[in-house]
Structures are given as structure tokens and as C-alpha cells.
Amino acid sequence: MGLKTPEEFKESLRDGRVVYIEGEKVEDVTTHPKLKVAVETAATDYVMAEMPEFRDLAVVVDEKTGEEYSRYFYRPKNGEDLLKRHELMLAASRLNYTTTPFAREMIDSFNGCAITAYTMGNKDYIERIEAYLEYLKKNDLSLAGAITDVKGDRSLRAADPKQKHPDYYVRVVDRNKDGIVVRGAKVHITGSAYLNEMIVMPCRNMTEADADYAVAFATPVNAKGIIQITHPFDYHRGASDFPVDLPVRSHTDALVIFDDVFVPWERVFLCGEWQHAAMSVYNFAYLHRHTAVTYHIAWVELLVGLAAAMADYLGVSRAANIREEMTELIYYLNTMKSLARASCIDCVIQGGLAIPNPVTANVAKYFYANNYHSVVKIVEDICGGLLTTAPSYQDWQNSETKDFMDKYLGGRADVSAEARLRILQTLRHYPCLGTELDVNNIHAEGSLMAERLTIYAEARQDLTLYKKLAEVLSGVTKLSEEEYVKLVQELGVLGKGAQ
Ligand SMILES: Cc1cc2nc3c(=O)[nH]c(=O)nc-3n(C[C@H](O)[C@H](O)[C@H](O)COP(=O)(O)OP(=O)(O)OC[C@H]3O[C@@H](n4cnc5c(N)ncnc54)[C@H](O)[C@@H]3O)c2cc1C
């Protein structure tokens, strides 16, 4: 087997999967006018492996067999490995015109299962994890991560009889010597309609009563009983847009229904061990928050570039207020970059895998998401009202209106009105502007509260130390010189939670 070409990847998606979009059943996702855009977006991962400039980054050689496989399937052992992965995802997003391919980024969910299996020390699960990883490598597969359940009443537990029905969280409804049968639905699943496999895992902690819901497994997306209903998305530039000679890149997400899907035991990584459900989702989230910040860096670079172009075109780039705003944007972008890198360098080892520092990675994602709307506000301010009021490309093509637009919508003498209108158009189509996509930035990879909870949980040991320090220095508590030196040592360079 070995590495797939982009064409082989696309061929592998013609497998009878059940996918709907906008009321229509899709015959072939690779030729459907909308979904093929997403397929091309995902295919970048396979394109990169063939590019001499990126092959070393995208591909790893197995030390024992000499076989090549995707770096996403390589188990990071240290900070350097994590930095390579970070570099790969960033390069992939930039190559993909600031959209991540997302064909393998959800290896994070599988790695979450792997860490859980190793931490549990469950030999069966470990064997299955190792065998499945080999399968992914050998067949060069793409995969989605299906974590978020539809949940029903959020204040109730999965198995609570007060839920309207018992299927708001994916659960095991039957088991036999060959495997399990699962029922339920996951929502917002990126890429599952046009990737090969899906890693399914719980999205929250479970109690003993919820044991049937503590289930994690891998399944091909064309398995019998899987039905996907996808979200409509912006897949082409419309008649109102200036033509841009670059392909559109985009992803979409799906409501994935598991209508009694059979999963063989070889693909089951958690089944009934409710005590480990929360751990598995945390293990995934630690990894995925870093992944998210990495690909958002490429988006933010574009956002900053658009603001810089507009400031220049309007002749205000040297004005004190605009310099102040541009400084804020640069500070934002560079803080993201530094935190994302720092989380790799200060990695921790869990279940034999190097993972980005849980506190720093959550701080990075939280910093990005929590400040995102203030940053957009700055860009919107720099662009002025034309961002939402500009006439269309059709008016630019109309000889009765074009000259007026050309004359009155210009900026600095040497900048054309067309350039200004094009920059504004890119911003209007920017993946993170507008109500719908602003919401993505807050909720994708976990809501703001999810990061806050992790930061607090991971760093609370530090709070005890900081409190002790405050009490000693305030004379509330007395320590001997020796005890004080011990406290200083305990404080360490990084906080306890970050070690
Ligand atoms: C673009 C996009 C892509 C995504 N991709 C994926 C993916 O590939 N795979 C995947 O698994 N998930 C994916 N997600 C899901 C994402 O992780 C979730 O949206 C996020 O975790 C929030 O879950 P929810 O949307 O169900 O929000 P809801 O649960 O509906 O939350 C709404 C509000 O209720 C609050 N809330 C919920 N439950 C409680 C409670 N018990 N107590 C108090 N407050 C509560 C939340 O904090 C939030 O403020 C994606 C989301 C987006 C927007």
C-alpha cells in the first residue's frame, strides 16, 4: 500500500457512503458541485506529500521497514516532533490558501484514545490501537473525529430517564462475540462526509449509570447505518464577486447518525469503562486545542495582511491611531505563534506520547478565541463602512456605473478602486467574519468555558503554592529558611500544571 496520490484519495471516497446536502442525496462526493470543493481542500494533504519542497515535513520514513507514511501517523516523542507537526499543519493551511486540509488533523481523537488505553494499561485496547495505527499508515487514510454528541437536555446526564429519548449520546445497544452495535448521533463533525474513517469517542464524563455511553471506536464512514446530513457552505464566488484566479477552499460539517451501526471488536477502544470517558475526551482536547491554534495562525496572518493593505490603500498607515491598531494585531498574531510553539517545547509525556503542554495549549486557544472579536473589531474599523456597503462586481462591469466607482471609490493616488474593492471582498469572504463563522471561532474545538475549565483544573496546584507564598510574605504563615527555599524550588520555572 503506502502513500496515496491525491487521485487515489479521491477514488477512495467513492464507496457508497450515505451523505445528504440541502435536501439531496449525494451520489458521489468527489463530483458533487459543492462537496468536491471540500474534497479538493482535504486532498492538499496528499498533494503536499508529493511536493519536493514539503515531502520531508509531510512524510516520515519507518526506521524498521523503510516504508514512508504520513507524519500525522507518527507518534511524537518530544518537543521537536511536536514542532515538526506544528510546522506541517501551518504550511498545509498556508498552501491551502489559509484553510487547513483537515484530512488527518483529527488523528488527535485517535491519539486521545491511544493515551487513554495506555493510561488504563488495558492490553486488548493497546493491541487494537497499535493494529489500527498500522492500518491507517499502510492505507494512508484520512479521518474525522466525532466527539460532540447532540446531547438533548444539557443539564441531564446521558442515561437520565428525564431525557426525551435515550439516544442523545452515542451508546452501545447490543454486543456479541464479534463486536458491538451503536446508536445515537454526533453533530458538527468536520470533514466526515468526505474523509475515509471516523474516530468516535464520548464528549463528557460519564457515571456508572451511563456505562453504555462510555464508548470509543473507529469506523469507516461508509459503514452500514451511518447517515450524514451536511451543512450548506460557501463553495464558489458569486456573480457579485470580482473573479479571483485561485480555487476556493472550504470545509463543511455534518450531523452524523449512527442508526444501529456494527463495530467489530478490533475497532473498539473503550466500551463501558465509564470512569475513563472524561479522561479520553480530555486527552483529545489537550492535543486538539494546539492543532486549532496552529491552523488559526494562517487565518490571522491573512486577516492582519488585509488590514495592512487597507490601511495602506486609504493612506492612513502612518496615522497614530492606525499604527496603534496595527500594533495590536501584530501583538495578537505573535502571541498566538509564541504560545503555540511554547506548548510544543514545554510538552509533557502522556501514555507514551509527547503532547503539547496542556496549560499552554489551552491558554493559546483561549487567547485566540477570547480576543478574536476584539481583533475583528479593529480590522472592521480600519476597513471603514465600505466593507459592508460596497457595490458589486456586476456594477463594476456595467459601463454606466464603472467609471463612477473607479473615480469615487479610490484611495491613495497610486492605488486603484479595484484593488480596494478586492481587499474588501476577501474580507467579506474571510472564513471568520460574519455571524455564522464568528460562532465557529468561539465553539470549534471546544467552547471558551471548556478551555477555562481545563486551565483551572490543570493549574490549580499552582494556586495553592501562590497562596502559600502570599501568606508567608504577609506573615500569615511562618516558614523556616529551609522551608522557604523548598517553596521557591517547588514554584519552578513553569507552573506545576504545565510540567
Ligand atoms: C465549525 C465547527 C466545527 C466543529 N468540528 C467538530 C468536529 O470535527 N468534531 C466534533 O466532535 N465536534 C466539532 N465541533 C463541535 C464543538 O466542539 C462544539 O460546538 C462545542 O464543544 C460546543 O458544543 P455544542 O455546540 O453542542 O454547544 P451546546 O452544548 O449547545 O452549548 C451551548 C451553551 O450551553 C452551555 N452548556 C452546555 N452544556 C452545559 C451544562 N451542562 N452546564 C452549563 N452550561 C452548559 C455551553 O457552555 C454553551 O455556552 C465543531 C464545532 C464547530 C462550530
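Read the numbers this way: they start at 1 and go in the same order the structure lists the ligands and their atoms.
Between R171 and D149, no side-chain nitrogen of the basic residue sits less than 4.0 Å from a carboxylate oxygen of the acidic one, so the salt-bridge criterion is not met. A salt bridge between D212 and R183 is absent, with no side-chain N of the basic residue lying under 4.0 Å from a carboxylate O of the acidic one. Classification of R104 and D140 as a salt-bridged pair holds, one side-chain N sitting under 4.0 Å from a carboxylate O. A salt bridge does not link E328 to K377: none of the charged nitrogens lies less than 4.0 Å from a carboxylate oxygen.
The distance from ligand 1 to the heavy atoms of K151 drops below 4.0 Å at these ligand atoms: 23 (O), 24 (P), 26 (O), 29 (O). Of all atoms in ligand 1, listed by their number and element, those nearer than 4.0 Å to a heavy atom of I189 are 7 (C), 8 (O), 9 (N), 10 (C), 11 (O).
Between G145 and ligand 1, a contact under 3.5 Å exists for at least one N or O pair. Annotation: R154 places an N or O atom under 3.5 Å from an N or O atom of ligand 1; distance criterion only. On a distance-only criterion, S155 and ligand 1 share no N/O pair closer than 3.5 Å.
In this structure, K186 falls outside the shell of residues with a heavy atom less than 4.0 angstrom from ligand 1.
Contact annotation for M106 and ligand 1: only side-chain heavy atoms (C-beta onward) come within less than 4.0 Å of the ligand.
Taking each heavy atom of R75 and D81 in turn, the nearest pair found is O-OD2, 4.3 Å.
The aromatic ring centroids of Y118 and Y125 lie 6.0 Å or more from each other.
For the residues H188, M201, R204, H251, the heavy atom positioned nearest atom 6 (C) of ligand 1 is part of H188.
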